[in-house]
Structures are given as structure tokens and as C-alpha cells.
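Keep in mind the model is a prediction, meaning the values are calculated, not measured.
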Amino acid sequence: MKRVDIVYSHASDDRVLVDAAVSAGAKGIIHAGTGDGSVHEQTLPGLQDAVKKGVVVVRGTRVPEGIVTREKIDDDNHFVTSDNLSPQKARILLMLALTQTADPQKVQEYFNQY
């Protein structure tokens with residue numbers, strides 16, 4: 001299985017944990033943001049650089065319930081949205097998806113289906 005890490009967003013977040021995950025060999029990152037999966041402005045460049053390196057980024061939420069809806073940030077950055085999956089469940093689905101493809105559009109189809 002390919003390495004997939006979960007990065008939890010927090011106040012004063014930055015790209016350090018994203019960069020650490022990429023350096024450790026992550027092929028996928030679940031970004032567990034607040035609310036509807038918000039990405040901190042100082043974290044976004046790290047996620048963008050991760051995608052440029054072939055890492056699949058899934059935008060999820062750390063709140064207990066709710067759906068992460070597809071937004072402009074996802075289309076602009078080739079992010080996948082987790083829909084209603086918790087970060088832990090999204091990690092497992094991404095690990096399985098990466099056994100088949102690293103194409104964010106195809107990975108999004110898995111998240112839409114499951």
C-alpha cells in the first residue's frame with residue numbers, strides 16, 4: 001500500500017506538516033480542515049506543491065458530521081473532496097484508490113461512489 005497521511009488543520013497552520021508528509025514519501029494526503037474542509041492560506045502552497053509532485057490531496061473535514069462540497073479551490077488545484085467520509089475513512093479509501101490510479105479525477109469518482 002502507498003503511504004497516505006492525515007494532516008489536521010489548526011490555528012496558525014502552515015505547510016510544515018504537509019512538507020514533512022511529502023518528504024516521508026506520502027503518495028496521498030488527507031487535509032482535515034475546519035468546517036467545510038477549509039484550507040489555511042499558509043497551508044495551501046504546501047498542498048499545491050504536493051500535487052505538483054504527484055501526491056493526491058483529499059480535502060476533508062475534522063468536524064464530526066457534514067459533507068465537504070466541491071469548490072473552486074478543488075478545481076483550481078486538482079484536489080479531491082471527501083464528501084461525507086471522516087479523515088480516517090478517507091485515508092483508507094485513498095490508500096485503496098492509489099492501488100489503481102493516481103489521477104485525481106478518477107480518485108474523485110471513487111469518493112463520489114463510496
Side-chain angles (χ1 to χ4, degrees):
M1 287 276 174
K2 308 238 176 175
R3 181 184 181 115
V4 174
D5 290 323
I6 301 173
V7 175
Y8 286 89
S9 182
H10 51 81
S12 302
D13 200 4
D14 58 26
R15 64 181 293 157
V16 171
L17 295 176
V18 172
D19 291 341
V22 173
S23 292
K27 299 301 180 195
I29 293 175
I30 308 299
H31 177 271
T34 57
D36 185 26
S38 297
V39 177
H40 193 282
E41 65 184 16
Q42 293 183 11
T43 307
L44 182 58
L47 294 173
Q48 291 168 325
D49 288 347
V51 169
K52 289 175 187 169
K53 293 178 180 175
V55 176
V56 177
V57 172
V58 175
R59 194 171 58 83
T61 182
R62 62 187 186 133
V63 299
E65 293 183 20
I67 295 174
V68 176
T69 57
R70 189 149 192 90
E71 297 177 2
K72 187 174 184 328
I73 189 173
D74 305 308
D75 295 332
D76 290 348
N77 295 290
H78 308 287
F79 294 162
V80 174
T81 56
S82 65
D83 193 63
N84 65 347
L85 295 179
S86 69
Q88 298 85 354
K89 290 178 181 177
R91 178 178 177 265
I92 293 168
L93 181 54
L94 182 55
M95 289 172 70
L96 292 170
L98 288 173
T99 67
Q100 302 300 308
T101 184
D103 178 346
Q105 286 184 314
K106 291 185 189 227
V107 173
Q108 184 66 66
E109 290 175 16
Y110 289 120
F111 276 84
N112 293 346
Q113 184 175 0
Y114 300 106

Report summary line: For V57 and A50 the tightest heavy-atom approach is CG2-CB, 4.4 Å
Report summary line: Minimal heavy-atom distance between A102 and V56, with the atoms involved, is O-CG2, 3.5 Å
Query raised in the report: Under a single-linkage definition using a 4.5 Å side-chain heavy-atom cutoff for Ile, Leu, Val, Met, Phe, Trp and Tyr, are M95 and I29 assigned to the same hydrophobic cluster?
Result: no
**Report entry** Value rounded to 0.5 Å, distance of OH in Y110 from CG in L96
**Finding:** 9.5 Å
Report summary line: All heavy atoms of R91 vs all of V4, minimum pair found to be NE-O, 2.8 Å
Requested in this report: Treat each ILVMFWY residue as a node, draw an edge where side-chain heavy atoms are under 4.5 Å apart, and state whether V68 and L47 are in one component.
Outcome: no
Requested in this report: Take K106 and Q100 through the side chain to side chain contact (heavy atoms under 4.5 Å, CB included) test and state the conclusion after the steps.
Outcome: CA-CA 9 Å; K106 291 185 189 227; Q100 302 300 308; over 6 Å; no
Report task. With rounding to the nearest 0.5 Å, note down the distance linking CD in Q48 to NE2 in H78. Result -> 10.0 Å
Query raised in the report: In this structure, are over 12 heavy atoms from other groups packed under 6.0 Å from Y114 atom OH?
Result: no
Query raised in the report: Under 4.5 Å between side-chain heavy atoms, hopping through other hydrophobics if needed: is there a path connecting L94 to I92?
Result: yes
Query raised in the report: Among L17, T43, I6, which one satisfies side-chain contact (heavy atoms from CB on, under 4.5 Å) with H31?
Result: T43
Report summary line: S82 and T61 have their tightest heavy-atom pair at OG-N, 4.4 Å
Report task. For residues Y8 and R62, report the shortest heavy-atom separation together with the two atoms involved. Result -> CD2-CB, 4.0 Å
Report task. Answer whether the closest heavy-atom distance between the side chains of V51 and N77 falls below 4.5 Å. Result -> no
Query raised in the report: Under a 4.5 Å cut-off applied to non-hydrogen side-chain atoms, are E41 and L44 in contact?
Result: no
Query - Side chain to side chain, T99 and M1, heavy atoms closer than 4.5 Å - result: yes
Report summary line: Given the options D36, T81, D74, R59 meets side chain to side chain donor-acceptor pair (under 3.5 Å) only with D74
Query - Shortest non-hydrogen contact from D83 toward F111 - result: CB-O, 4.3 Å
Query raised in the report: Do V58 and V39 share a hydrophobic cluster (ILVMFWY, side-chain heavy atoms under 4.5 Å, transitive)?
Result: no
Requested in this report: Check whether any side-chain heavy atom of D19 sits under 4.5 Å from a side-chain heavy atom of D49, and report yes or no.
Outcome: no
Query raised in the report: Linking I/L/V/M/F/W/Y whenever any side-chain heavy atoms sit under 4.5 Å apart, do I73 and V55 land together?
Result: yes
